[in-house]
Amino acid sequence: MRQTTQEVIEQYDRYVMNTYVRSPLVLVKGKGSRVWDLDGHEYLDVFPGWGVSGIGHCHPWVMKALRGQSTKLIHVSNNYYHVLQWRLAKQLIDSSFDGKVFFANSGAEVIEAAIKLTRRWGRLSAVQASGQAGTAGSPRDEIIVMDQSFHGRTMGALSATGQAKYQEGFEPLLPGFPCVPFNDLERVRRAVTPKTVAILLEPIQGEGGIRVAGDSFLRGIRQLADQHRLLVIYDEIQTGMGRTGRLFAYQHSGIEPDIMLLAKTLGGGFPIGAMVAKRHVADALTPGTHASTFGGSPLACTMALAVFEAIEKQRLLDRVVHFGEVIMDRLSALKARCPIIREVRGRGLMIGIELSVDGRPIVDACRAKRLLINCTQGTVLRLLPAMTITRAQLDQALGILEEVLLRQTS
Ligand SMILES: *Cc1c(COP(=O)(O)O)cnc(C)c1O
């Protein structure tokens with residue numbers, strides 16, 4: 001029995017909790033940067049799964065890994081070993097900095113893991129410091145966070161998120177997250193107290209409107225942290241895995257965090273989150289202090305390894321850099337002709353177009369022309385094209401966007 005879009009929406013209304021703003025589109029198939037709806041209409045998707053399908057929908061190597069592993073062993077609980085978890089951990093470490101990895105299943109979960117790890121590390125480092133100095137160390141448990149940040153919807157991640165609109169009605173929040181303006185080093189400096197243990201930020205704020213952290217801000221944060229023995233935590237859940245043209249966004253500045261958080265693109269569409277921490281920090285979590293029943297399953301790990309392989313062997317980072325420049329050039333030229341564009345921002349294939357008008361009608365108009373994009377913060381159009389998008393698809397997407405934006409103007 002074939003359902004219509006309207007029928008599917010009615011069943012959602014009846015049975016699925018109404019926590020999302022959804023577009024009236026029922027998707028049945030995806031391949032690369034294209035998806036198809038129930039009626040067979042084809043769409044160009046330049047916002048694939050909020051960045052989850054970062055190497056495209058149903059990448060053939062990811063599909064191959066999924067098929068192969070699913071016939072052998074899908075899940076192994078973490079009281080045993082399997083050969084894929086250490087391989088993925090090694091791959092993450094070899095491509096970032098020396099340390100260890102904890103696996104979970106989503107972005108918010110690795111934010112939670114980082115909050116716990118940081119608190120444990122804060123206590124252990126206070127004990128060490130008091131041993132050296134001969135005074136009692138006071139517990140340090142405050143994590144400085146940024147305005148307009150987004151770290152997820154669980155209570156800890158929500159408390160760390162610098163946007164009141166997501167927090168309203170869910171108080172009491174977890175205390176201990178002083179919030180300061182993004183890219184304002186002086187305000188971060190002034191927020192550091194004897195209770196501060198870490199600074200948490202996104203190298204490019206995604207949901208917050210594609211706002212890029214300046215190199216001097218990142219350098220200043222690192223210096224401040226080293227000076228006060230604080231941890232620097234980068235939420236690379238959206239920026240990680242090649243999105244910005246380097247495997248991880250911190251690699252542009254070369255300024256390393258102590259903890260890096262990944263999810264979204266990491267699993268090629270399958271849920272997985274990873275917390276990467278420097279060795280001396282990672283060891284603060286000992287057996288029994290943290291866990292995830294599903295975390296780091298053979299299926300999730302093999303798919304993530306396939307994503308790494310695709311990025312490397314298909315030289316996807318080069319494409320991201322090149323296509324990022326193509327997009328920036330074309331949008332900058334468009335800005336000159338299109339008065340509703342205030343600013344074009346981003347890096348690699350993480351692009352924000354700030355408008356002087358509400359962006360949601362633009363998103364709808366693009367969808368009517370079979371182009372899928374996103375709008376965040378009301379006025380910022382957000383593009384996160386797959387790293388495997390073709391030049392022809394990119395040109396087609398930009399053509400539609402230009403047409404819609406220019407028509408809106410006149
Ligand atoms: C999506 C996102 C999260 C939350 O991830 P979930 O998997 O939805 O829990 C956290 N931080 C950033 C930067 C994100 O983009």
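Remember, it's 1-based here, ligands and their atoms both numbered in the order they're listed. These numbers were taken from a predicted model, which means no experiment stands behind them.
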Is Lys264 close to ligand 1, meaning an N/O of one under 3.5 Å from an N/O of the other? yes
Please confirm whether His151 comes within less than 3.5 Å of ligand 1 when only nitrogen or oxygen atoms on both sides are compared. no
Atoms in ligand 1 flagged as close to Glu202, the criterion being non-hydrogen separation under 4.0 Å: 13 (C)
Tyr12 six-ring face occupied by Arg22 cation (under 6.0 Å, within 45°): no
Asp37-Thr5 side chain donor-acceptor pair, cut-off 3.5 Å: no
Closer than 4.0 angstrom, basic N to acidic O: yes or no for Glu42 and Arg370? no
For Ala108, take its heavy atoms, then give the atoms of ligand 1 lying under 4.0 Å from any of them. 4 (C), 5 (O), 6 (P), 9 (O)
Can a salt bridge be assigned to the pair Arg330 and Glu402 using a cut-off of 4.0 Å between side-chain N and carboxylate O? yes
Judging by distance only, is a nitrogen or oxygen of Gly152 under 3.5 angstrom from one on ligand 1? no
Distance-only N or O hit between ligand 1 and Ile111, under 3.5 Å: no
Yes or no, since that's all I need: does a protein heavy atom fall within a distance strictly under 4.0 Å of atom 8 (O) of ligand 1? no
Please work out which of the three classes, parallel, tilted or perpendicular, describes the rings of His290 and Phe102, given edges at 30° and 60°. tilted
Which atoms of ligand 1 sit under 4.0 Å from any heavy atom of Asp235? 10 (C), 11 (N), 12 (C), 13 (C)
Mark the output for Glu207 as yes if a heavy-atom distance to ligand 1 is under 4.0 Å, and as no if none is. no
Evaluate the ring planes of Phe248 and Tyr250, with Trp represented by its six-membered ring, and classify them as parallel (under 30°), tilted (30 to 60°) or perpendicular (over 60°). parallel
Please state which protein non-hydrogen atom is closest to atom 5 (O) of ligand 1 and give its distance, to 0.1 Å? Gly107 CA, 3.3 Å
Have Gln238 and Arg382 got a donor and an acceptor in their side chains that come within less than 3.5 Å? yes
